[in-house]
Each structure stands twice: as structure tokens, then as C-alpha cells.
Amino acid sequence: MPIAVDIDVMLAKRKMSVGELAERVGITPANLAVLKNGRAKAVRFSTLAALCEVLKCQPGDLLRWEAEEGAAAAQATAATSAGAPPQAGE
């Protein structure tokens with residue numbers, strides 16, 4: 001997934017456990033683990049706001065975008081084999 005979740009980093013900086021964060025945010029430890037491990041398909045803005053409030057951070061401290069190398073390479077190969085001109089950045 002191109003969105004990486006860095007909740008572990010902020011937990012370590014704040015010396016806080018997953019259980020404590022879940023309790024203070026108002027979500028279950030299991031749901032926090034799904035988010036923390038990058039398995040979540042979505043996150044509510046209210047949950048993101050609560051995480052930021054408790055951890056005293058910005059959303060960008062918790063979430064970051066990473067390019068998917070495999071997907072970009074597959075698109076370039078498909079475009080080249082189809083005779084399409086390469087896209088910008090390829």
C-alpha cells in the first residue's frame with residue numbers, strides 16, 4: 001500500500017503503549033493494531049484528529065506516501081509494449 005503508517009514512531013517518542021493510546025483515543029486495541037500495521041483500508045478524520053491530539057502531532061507525522069515500485073514498473077512495461085509514449089517521470 002502506498003500509504004505508510006508511522007504510529008509506532010510516535011508511540012516510541014511519547015513513551016506510550018498501544019493499549020494506553022487506544023484507551024485515550026477511544027478505539028479498541030485491535031482496531032489500533034490494524035491501523036498501526038498498515039492493514040486498514042480507511043481511517044476516519046475524527047480518529048486521525050484524536051490520534052493527533054493525544055500524540056500531540058500532525059497527521060503527516062503519522063501518515064506518509066510511498067511510491068509503489070512494482071506498480072510503476074508494470075505500468076511502464078505495459079505502456080511500452082502497447083506502443084504508448086512513456087509518461088512523465090518514466
Side-chain angles (χ1 to χ4, degrees):
M1 176 179 287
I3 302 296
V5 182
D6 291 329
I7 291 176
D8 282 339
V9 174
M10 293 307 296
L11 283 172
K13 286 181 180 180
R14 303 297 186 252
K15 296 179 174 51
M16 188 181 298
S17 70
V18 171
E20 180 183 354
L21 178 61
E23 184 178 322
R24 291 177 62 183
V25 168
I27 62 176
T28 66
N31 283 340
L32 182 57
V34 168
L35 179 60
K36 183 175 77 73
N37 295 325
R39 295 188 317 260
K41 299 288 184 200
V43 61
R44 290 185 176 156
F45 281 168
S46 58
T47 302
L48 183 59
L51 287 166
C52 290
E53 183 176 351
V54 170
L55 294 170
K56 295 179 177 30
C57 66
Q58 294 295 313
D61 296 327
L62 301 176
L63 305 173
R64 63 186 155 80
W65 179 81
E66 292 180 341
E68 288 185 291
E69 293 180 26
Q75 281 182 330
T77 302
T80 303
S81 64
Q87 299 294 317
E90 292 182 357

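Starting from 1, each residue takes its place in the sequence as its number.
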Do Trp65 and Ile7 sit in one hydrophobic cluster, given that two such residues count as connected whenever their side-chain heavy atoms are within less than 4.5 Å of each other, even indirectly?
yes
Hydrophobic cluster membership, Val9 vs Leu48, 4.5 Å side-chain cutoff
no
Roughly how far, to the nearest 0.5 Å, is [atom2] of [Y] from [atom1] of [X]?
{"X": "Met10", "Y": "Lys36", "atom1": "CE", "atom2": "NZ", "result": "14.5 Å"}
{"X": "Leu62", "Y": "Leu11", "atom1": "CG", "atom2": "CG", "result": "9.0 Å"}
{"X": "Leu21", "Y": "Leu55", "atom1": "CG", "atom2": "CG", "result": "5.0 Å"}
{"X": "Cys57", "Y": "Lys13", "atom1": "SG", "atom2": "NZ", "result": "9.0 Å"}
{"X": "Ile3", "Y": "Lys41", "atom1": "CD1", "atom2": "NZ", "result": "13.0 Å"}
{"X": "Ser17", "Y": "Arg24", "atom1": "OG", "atom2": "CZ", "result": "10.0 Å"}

Heavy atoms of other groups near Glu20 CD, more than 12 under 6.0 Å:
yes
Minimum heavy-atom distance Leu51-Leu32, with the two atoms named:
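Scanning both residues completely, I find the closest heavy atoms to be CD2-CD1, 4.2 Å.
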Is any side-chain heavy atom of Val5 less than 4.5 Å from a side-chain heavy atom of Leu63?
yes
Considering only heavy atoms from C-beta outward, does the side chain of Met16 approach that of Val54 to under 4.5 Å?
yes
